[in-house]
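Below: one structure, written as structure tokens.
To find a chain, count down the sequence lines: A is the first, B the second, and so on, and within it residues start at 1. For clarity, every value in this text was computed on a predicted model and none was experimentally measured. Heavy atoms only: backbone and side chains are in, while hydrogens, waters and symmetry mates are out.
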Amino acid sequence: MSEKPDFKNYTLVICEKSDAAKRIAEALGDNVKTIEKKGIKIYFITNANKKYVICSALGHLYGLGNYRKDRKVYPVFDLMWLPLNHIDKNKSNVHDRIKIIEELAKNANEFVNACDYDVEGSTIGFNILRYACKVNYSNTLRAKFSTLTKDELKYAFKNLGNQIDKGLVKAGITRHVVDYLWGINLSRILMSSLQHIPYGGGVLSTGRVQGPTLKFIVDREIEIRSFVTKPYWVANALVEYDETEIYASYFKDKIMKKREALKIKEENERETGIVKEIRRIKVELKPPTPFNTGDLQKEAYRIFKFSPSLTLNIAEQLYLQALISYPRTNSQKLPKTIDYYKIMRRLSEINEYKEETEILLSKKLVPHEGEKDDPAHPCIYPTGEIEGIEKLNERQKKLFDLIVRRFLAIFAENAIMERDQILIDVKGKHYWKINGRRYIHLGWINFYKKYFEAEEVEIPLFKEGDKVLLKTINVEEKFEKRPPRFNKGSLLEKMEEENLGTKATRAEIIDTLYKRKYVVGESIMPTELGFQVIETLSKYSGRIISVDLTREMEKSLEKIELEQEEPEDVLEKTFYFAWQAINDLSDNLEKIGFELKNAMRITTLENKTLGLCPMCKEGLLVIINNKKTKKRFVGCTNYKKGCSFVAPLPQKGIIQNTGRTCSTCGWPIVQVRNGKSLWNLCINFKCPTKVKNKK
DNA sequence: GCAAGGTC
């Protein structure tokens with residue numbers, strides 16, 4: 001460092017991202033000097049008796065790969081960690097960053113891994129320390145924190161640990177290796193099956209997350225196609241009592257036969273019923289549990305309609321401003337070490353929370369916690385830091401408010417609800433029920449009422465033996481609902497429920513399924529190829545497309561984290577299963593190749609056929625590539641018989657059949673993907689609505 | 001051409 005030649009014998013602190021580096025620098029000292037090298041900020045700090053140099057990574061700087069040129073070779077079992085710029089052309093900026101860290105390491109005499117305290121963060125820091133800093137990890141220190149508040153960061157650096165995240169590192173490395181072995185080898189073998197076939201080729205892939213996700217779509221499609229609609233009937237009665245009218249429902253929720261439903265109408269209409277039983281149940285509703293990532297995402301979706309990834313994004317911004325704790329966690333428990341009173345008192349400085357916090361502060365604070373736990377992080381809670389909240393944007397304000405009110409609610413009393421069920425007897429043969437509900441004590445709902453409606457259903461005060469008149473009976477035919485296809489949102493939710501992928505990768509992985517032509521459409525349908533890949537893989541190696549593999553891996557990783565299991569055992573199992581699956585597949589390579597090739601052909605055809613010609617109403621519209629001019633357009637298969645239909649297409653980008661037609665002119669709609677932009681296009685350029693519906 | 005996971 002030419003700017004600071006005298007700076008030697010310092011503690012080098014490795015952070016995961018630039019924002020965290022900035023926060024840590026601010027927490028560690030007032031005397032901060034910032035130098036920027038190739039766009040990377042480095043902080044130099046002198047404390048009373050200690051010198052720090054703080055730099056940051058960009059997430060992973062190293063990844064798994066090998067230097068073998070021939071990518072058709074499988075199995076690949078010899079892998080190594082390489083700088084990401086050696087693996088991915090788009091990562092050329094990683095080179096500079098590694099070089100800078102290498103340089104900084106030379107004059108350091110102590111090293112701290114200050115990446116996020118979780119599996120991936122520990123792995124990021126571990127790799128940088130061993131490869132860029134060239135130090136033995138056992139001689140380095142680990143900062144452990146789950147919020148970026150000054151207090152916690154100061155505490156973390158006063159209490160640096162040695163060898164404390166060994167389990168996390170081991171689990172991280174195992175995760176990388178397992179995913180690589182399964183993913184690369186099975187993807188390669190799928191593709192190699194096509195090499196035997198003339199005109200074979202095309203990219204195929206599968207993986208620990210991709211496979212099960214595609215299977216959800218295929219399974220759902222099979223369910224939809226085999227669904228038989230069954231009707232059922234429901235009966236409601238308009239009941240008159242004491243000059244008021246109220247609805248009662250028949251005691252059987254679903255009446256399976258129409259005849260039975262009509263008989264109920266006939267035998268009850270204009271009859272008098274007797275109140276036979278009044279049941280009053282008191283229900284205590286416990287406060288909600290503290291937020292973990294999934295709970296927060298669900299709640300933010302329910303209330304604000306924020307997508308799961310948007311919620312996490314915003315939560316991350318709040319975390320980086322030290323307003324809330326680390327938002328990627330499974331835990332529904334508060335940390336034992338924090339001072340609830342202190343946080344509550346700080347929050348009471350905000351006008352909106354003044355009243356609520358004062359009520360809570362007048363009593364002993366006992367939180368209602370959930371069952372789920374996380375070894376690395378507590379639940380998501382407000383840190384009590386309130387600096388800068390007036391500068392938050394609307395979305396950030398909304399999410400912060402939700403997190404604060406949830407935090408308040410968990411310290412409040414149970415709510416008490418009274419449920420009334422009135423049973424009405426008609427001639428000892430038919431029964432009707434009326435349900436009422438009211439809250440006699442709101443408890444925590446008072447603190448969370450902005451987000452939870454205490455809905456009451458008022459009913460007259462019945463007494464046993466009272467007579468009521470069933471004025472009219474309504475019988476309604478209903479149908480069992482066909483299960484819906486997934487859309488991107490519901491598929492993301494499903495992946496999250498099943499713990500597949502992470503917030504950062506889920507959407508990308510769904511995109512990959514589209515890119516591979518495994519699925520099409522906004523309401524997601526598998527293509528013939530998608531069906532066949534699942535069929536093939538489940539025939540020869542069912543495990544890769546089963547969520548069980550992920551479940552099992554999760555359990556093993558947790559055990560490795562707690563150092564109850566060794567990576568070697570997990571890896572040995574993985575090698576064995578990968579080896580077995582590869583053998584089973586390669587024994588049938590030719591057969592698989594034909595099946596997949598055939599499915600690809602059908603998929604290409606499906607994708608090119610856009611539906612019935614709106615002009616001659618006989619032929620089919622197809623996408624045609626003119627070999628001479630290399631241009632593409634839509635024509636009609638009835639062209640030779642005289643149909644002159646023709647429509648232009650954009651010449652750039654990937655065109656996908658959506659299966660839909662324009663609601664205005666009835667012509668097909670195609671999806672055009674050009675780089676990152678994606679739009680739906682009605683192919684009729686004279687269509688009255690001629691607007692590109694940008695998504 | 002291949003996985004999934006970080007970060008921008």
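When distances are taken from the side chain of A:Met191 to each of B:dA4, B:dG1, B:dG6, the shortest belongs to B:dG1. Closest to the side chain of A:Leu58, out of B:dC8, B:dG1, B:dA4, is B:dC8. Side-chain atoms of A:Ser187 lie closest to B:dA3 of the nucleotides B:dA4, B:dG1, B:dA3. Listed nucleotides: B:dC8, B:dA3, B:dA4. Nearest to the side chain of A:Arg516: B:dA3. Closest to the side chain of A:Asp116, from the set B:dA4, B:dT7, B:dC8, is B:dT7. The A:Asp19 side chain lies nearest to B:dC8 when the options are B:dC8, B:dG5, B:dG1. The A:Glu120 side chain lies nearest to B:dG5 when the options are B:dG5, B:dA3, B:dG1. Closest contact between the side chain of A:Glu16 and the listed nucleotides B:dA3, B:dG1, B:dT7 involves B:dT7. Closest to the side chain of A:Ile184, from the set B:dG6, B:dA4, B:dA3, is B:dA3.
Summarising the geometry, the separation between CD1 on A:Ile545 and P on B:dA4 is reported as 14 Å, rounded to the nearest angstrom. Atom C1' of nucleotide B:dC8 and atom NE2 of A:His60 are separated by 15 Å, given to the nearest angstrom. Atom CG in A:Leu64 sits about 13 Å away from atom C1' in B:dG6, given to the nearest Å. One can place CG of A:Leu194 at 13 Å from C1' of B:dC2, the figure rounded to the nearest angstrom. If you take CG of A:Asn185 and C1' of B:dA4, they are 15 Å apart, rounded to a whole angstrom. Across the protein-nucleic acid pair, A:Leu596 atom CG and B:dC2 atom P stand 17 Å apart, rounded to whole Å. One interatomic measurement links the two molecules: NE2 of A:His176 to P of B:dC2, which rounds to 19 Å at whole-angstrom precision. Per the geometry, CH2 belonging to A:Trp182 stands 19 Å off C1' belonging to B:dG5, to the nearest Å.
Both the sub-6.0 Å distance and the 45° axial angle are not jointly satisfied by A:Lys33 relative to the ring of A:Phe44. For the pair A:Arg142 and A:Tyr117, the cation-pi criterion (under 6.0 Å, within 45° of the ring axis) is not fulfilled.
Of the two residues near DNA chain B, A:Leu320 and A:Arg506, the one whose nearest nucleotide lies more 5' is A:Arg506. The nearest heavy atom of DNA chain B to A:Ile124 and to A:Ile87 marks one nucleotide each, and the one closer to the 5' end goes with A:Ile87.
Backbone-only contact: A:Arg208 has heavy atoms under 4.0 Å from sugar-phosphate atoms and none from a base. Among the protein residues, A:Leu190 comes within range of no part of the nucleic acid, since none of its heavy atoms lies under 4.0 Å from any strand. Residue-level contact check: A:Thr502 touches the backbone only, with heavy atoms under 4.0 Å from sugar-phosphate atoms and none from bases. Residue A:Leu84 is classed as a base contact, given a heavy-atom separation below 4.0 Å to a base. Looking at heavy-atom distances under 4.0 Å, A:Gly501 makes contact with sugar-phosphate atoms alone, never a base. Within 4.0 Å of A:Thr206, counting heavy atoms only, lie sugar-phosphate atoms of the nucleic acid but no base atom.
Under a cut-off of 6.0 angstrom, the local environment of OH in A:Tyr301 is sparse, with at most 12 non-hydrogen atoms contributed by other residues, nucleotides or ligands.
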Checklist entry - Given A:Phe575 and A:Phe77, is the ring pair (Phe, Tyr, Trp, His ring centres under 6.0 Å) satisfied, shown in steps? => result CA-CA 8 Å; A:Phe575 277 103; A:Phe77 282 150; 5.0 Å; yes
Checklist outcome for this item: Its dot-bracket string being built from Watson-Crick and G-U pairs below 3.5 Å, with | for another strand and [ ] for crossing, DNA chain B has the pattern ........
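A distance-only check finds a donor-acceptor pair linking the side chain of A:Asn292 to the backbone of A:Asp295 [under 3.5 Å]. Counting only distance, with no hydrogens or angles, the side chain of A:Ser56 and the backbone of A:Ala21 share no donor-acceptor pair below 3.5 Å.
Between A:Arg328 and the phosphate of B:dT7, there is a side-chain N or O to OP1/OP2 separation shorter than 4.0 Å. For A:Ser205 and B:dA3, the shortest distance from a side-chain N or O to OP1 or OP2 is below 4.0 Å.
Here the rule is side-chain hydrogen bond (donor to acceptor under 3.5 Å, both in side chains) with A:Tyr326, and of A:Thr147, A:Asp118, A:Thr293 only A:Asp118 fits it.
Considering all non-hydrogen atoms of both residues, A:Ile545 and A:Lys215 come closest at O-CD, 3.3 Å.
By the 4.0 Å N-to-carboxylate-O rule, A:Glu528 lies too far from A:Arg601 to be salt-bridged with it.
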